[in-house]
Amino acid sequence: MPYSHAPGPTAPALRPTAPGPGPDTADIRLVVTDMDGTLLDDDKRPPAGLWDTLALLRERGVLFSPASGRQYATLAAQFAEVADGMVFIAENGTYVVRDGVELSSDPLDPDVVARLVGTVRRLAAAGTDLGAVVCGKRSAYVERSDPAFLAEVEQYYLRCEVVEDVTAVDDDVIKVALFDFGAAEETTAPALAAFAATHQVVVSGEHWVDVMNRTANKGAALRRLQRELGITPAQTMVFGDYLNDLEMLDAADWSFAMANAHPEVVRRARHLAPSNNDDGVLRTITRVLGLPPG
């Protein structure tokens, strides 16, 4: 998600752009990017020239992988034209799929899901304007059905069902996402402190908080993928903008925070890329890999 930020004087020195192509950059084999606030602009549009760049990467044998809090079905639809062979790191790393085949997943215990949903119901009853999205492998499930809430959910969950009781669905639940119409980092996230001791409670955007198993994050999914493909961190390029991208940045030598990134993401990354509204991902890939400009 977008986050307006200019690095302060105490931030570590970061190269504003990566070095140009050379012997040390020629062996990049995996490019992984977050979607919202990173690859997509603030209007949720992909950069012009994306499909041409992906074709060039494929010609060079470089695997391109979206890594997002978005649902697998949503990502697969967005990249339908080029999805063959692409690895999708969906639901913040809890569900990884290639060519329709699950590579890995990390389902939540049903009791944990029930406790999370109970917490959301109590917060809502006390006046917090929020709703839960129970994310299964087949679909997402919600109880709240007002148009304002569904409009936010449907941006990220192509498959979504409104049900009477989200704790009763017959699906493997891999994540519970909470949308807070206020500031999630200040309201919803602190209310989930009891879960943070045993699970990942990640602020993934201004209004979103995701709860997953402690073993689940984009970085863990990326490291498993690297092992399976025989690709090293030195051969991996990663882009991110928000707190759910931190572990993923740690898994790559070529780690880039977007210019619009959360301050902690800027501190954690090795490099700084132009903003999501300035086609930062594509511009950086083109520069570092020496691709012809789009």
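Remark: the backbone N or O of Val87 is paired with a side-chain donor or acceptor of Ser65 at under 3.5 angstrom. Using a distance-only test at 3.5 Å, with no hydrogens or angles considered, a donor-acceptor pair links the side chain of Thr94 to the main chain of Glu91. Judged purely by atom type and a 3.5 angstrom limit, Lys175 uses its side chain to pair as donor or acceptor with the backbone of Gly69. Using a distance-only test at 3.5 Å, with no hydrogens or angles considered, a donor-acceptor pair links the side chain of Asn213 to the main chain of Pro107. For the pair His207 (side chain) and Gly182 (backbone), a donor-acceptor distance under 3.5 Å is present. For the pair Asn276 (side chain) and Leu40 (backbone), a donor-acceptor distance under 3.5 Å is present.
Atom OG of Ser104 is separated from atom CG of Leu225 by 8.5 Å, given to the nearest 0.5 angstrom. Atoms CD and CZ, from Gln226 and Arg224 in turn, are 11.5 Å apart once rounded to the nearest 0.5 Å. With values rounded to the nearest 0.5 angstrom, Trp51 atom CH2 is found 5.5 Å from Phe79 atom CZ. Atom-to-atom distance recorded for Leu30:CG and Leu222:CG is 6.0 Å, nearest 0.5 angstrom. How far CG of Leu57 is from CG of Leu63: 9.5 Å, rounded to the nearest 0.5 Å. Here OG1 of Thr236 is found 8.0 Å from CG of Asp253. Values are rounded to the nearest 0.5 Å.
Counting all heavy atoms, side chain and backbone alike, Ser68 lies closest to Met35 at CB-CG, 3.7 Å. Taking each heavy atom of Ala191 and Thr119 in turn, the nearest pair found is O-CG2, 4.3 Å. Here the closest heavy-atom approach between residue Gly219 and residue Ala251 is recorded as O-CB, 4.5 Å. Closest non-hydrogen pair, Ala183 versus Thr187, comes out as O-OG1, 2.9 Å. The two atoms that bring Ala269 and Ala257 nearest to each other are CB-N, 3.4 Å, heavy atoms only. What you find for Pro292 and Thr286 is that their closest heavy atoms are O-CG2, 4.1 Å.
For the side chain to side chain contact (heavy atoms under 4.5 Å, CB included) with Leu282, the qualifying choice from Leu39, Asp52, Leu291 is Leu39, the only one to do so. With Met248 as the fixed residue, the side chain to side chain contact (heavy atoms under 4.5 Å, CB included) test singles out one of Asn217, Ile89, Asn92, Val32: Val32.
Checked against side chain to side chain contact (heavy atoms under 4.5 Å, CB included), Gln235 has the following partners two or more places apart in sequence or in another chain: Asp27, Arg29, Ile231, Thr232. For Glu152, the side-chain hydrogen bond (donor to acceptor under 3.5 Å, both in side chains) partners at least two apart in sequence or on another chain are Gln155. For Phe181, the ring pair (Phe, Tyr, Trp, His ring centres under 6.0 Å) test picks out Phe179, with sequence neighbours left out. With sequence neighbours left out, the side-chain hydrogen bond (donor to acceptor under 3.5 Å, both in side chains) criterion links Thr188 to Asp180. Residues that satisfy the side-chain hydrogen bond (donor to acceptor under 3.5 Å, both in side chains) test with Thr74, not counting sequence neighbours, are Gln71.
Between His199 and Phe195, the angle of the ring planes goes over 60°, which puts this pair in the perpendicular group of the 30/60° scheme. Ring orientation note: the planes of His262 and Tyr242 are nearly perpendicular, at an angle over 60° on the 30°/60° scale.
Between Met258 and Ser275, the closest side-chain pair of non-hydrogen atoms is not below 4.5 Å. At least one side-chain heavy atom of Thr38 sits under 4.5 Å from a side-chain heavy atom of Val281. Counting only heavy atoms from C-beta outward, the side chains of Leu243 and Ser204 never approach each other to under 4.5 Å. Side-chain contact between Gln78 and Pro46: absent, with no pair of heavy atoms (C-beta onward) separated by less than 4.5 Å. Side-chain contact between Leu178 and Leu192: present, with at least one pair of heavy atoms (C-beta onward) separated by less than 4.5 Å. Between Val265 and Asp241 there is no side-chain heavy-atom pair separated by less than 4.5 Å. Residues Val238 and Trp254 are not in side-chain contact: their nearest non-hydrogen atoms beyond the backbone lie 4.5 Å or more apart. Thr53 has its side chain within reach of Ile285: a pair of non-hydrogen atoms, C-beta onward, lies under 4.5 Å apart.
Residue pairs meeting the ring pair (Phe, Tyr, Trp, His ring centres under 6.0 Å) criterion with at least one member in residues 80-115, sequence neighbours excluded: Tyr72-Phe88. For residues 94-118, the salt bridge (charged side-chain N to carboxylate O under 4.0 Å, His left out) pairs, not counting sequence neighbours, are Glu102-Lys137. Sorted by first and then second residue, the pairs that involve residues 59-73 and meet salt bridge (charged side-chain N to carboxylate O under 4.0 Å, His left out), not counting sequence neighbours, are Asp36-Arg70. Within the structure, every pair that satisfies the salt bridge (charged side-chain N to carboxylate O under 4.0 Å, His left out) test and touches residues 211-223, not counting sequence neighbours, is listed here: Asp34-Lys218, Lys218-Asp245. Note on residues 255-265: pairs passing salt bridge (charged side-chain N to carboxylate O under 4.0 Å, His left out), not counting sequence neighbours, are Glu264-Arg267, Glu264-Arg268. Legend: ring pair (Phe, Tyr, Trp, His ring centres under 6.0 Å) pairs involving residues 101-123, not counting sequence neighbours: none detected.
Between Asp41 and Arg45 there is a salt bridge, since a side-chain N of the basic residue sits under 4.0 Å from a carboxylate O of the acidic one.
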_Test log, rule side-chain contact (heavy atoms from CB on, under 4.5 Å), inputs Gln200 and Val211_ = CA-CA 5 Å; Gln200 292 271 353; Val211 183; over 6 Å; no
Would Ile174 and Leu108 satisfy side-chain contact (heavy atoms from CB on, under 4.5 Å), going step by step from the backbone distance to the final call? CA-CA 5 Å; Ile174 47 183; Leu108 284 164; over 6 Å; no
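The cluster map of Ile, Leu, Val, Met, Phe, Trp and Tyr, joined by side-chain heavy atoms under 4.5 Å apart, puts Val82 and Phe239 in the same cluster. Criterion: ILVMFWY side-chain heavy atoms under 4.5 Å apart, direct or through other members. Under it, Val173 and Leu158 are not part of a common hydrophobic cluster. Leu56 and Leu289 fall within the same hydrophobic cluster, defined by Ile, Leu, Val, Met, Phe, Trp and Tyr side-chain heavy atoms under 4.5 Å apart, directly or through other members. Residue Val209 is grouped with residue Val117 when hydrophobic side chains (ILVMFWY) are merged at heavy-atom distances under 4.5 angstrom, including chains of intermediate members.
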Which pairs of donor and acceptor atoms, one on a side chain in residues 142-150, lie under 3.5 Å apart (sequence neighbours left out)?
{"residue": "Glu143", "atom": "OE1", "partner": "Arg121", "partner atom": "NE", "Å": "3.4"}
{"residue": "Glu143", "atom": "OE2", "partner": "Arg121", "partner atom": "NH2", "Å": "2.4"}
{"residue": "Glu143", "atom": "OE2", "partner": "Val166", "partner atom": "N", "Å": "3.0"}
{"residue": "Arg144", "atom": "NE", "partner": "Asp146", "partner atom": "OD1", "Å": "2.6"}
{"residue": "Arg144", "atom": "NH1", "partner": "Asp129", "partner atom": "OD1", "Å": "2.9"}
{"residue": "Arg144", "atom": "NH1", "partner": "Leu130", "partner atom": "O", "Å": "2.9"}
{"residue": "Arg144", "atom": "NH2", "partner": "Asp129", "partner atom": "OD1", "Å": "2.8"}
{"residue": "Arg144", "atom": "NH2", "partner": "Asp146", "partner atom": "OD2", "Å": "3.4"}
{"residue": "Asp146", "atom": "OD2", "partner": "Phe149", "partner atom": "N", "Å": "3.2"}

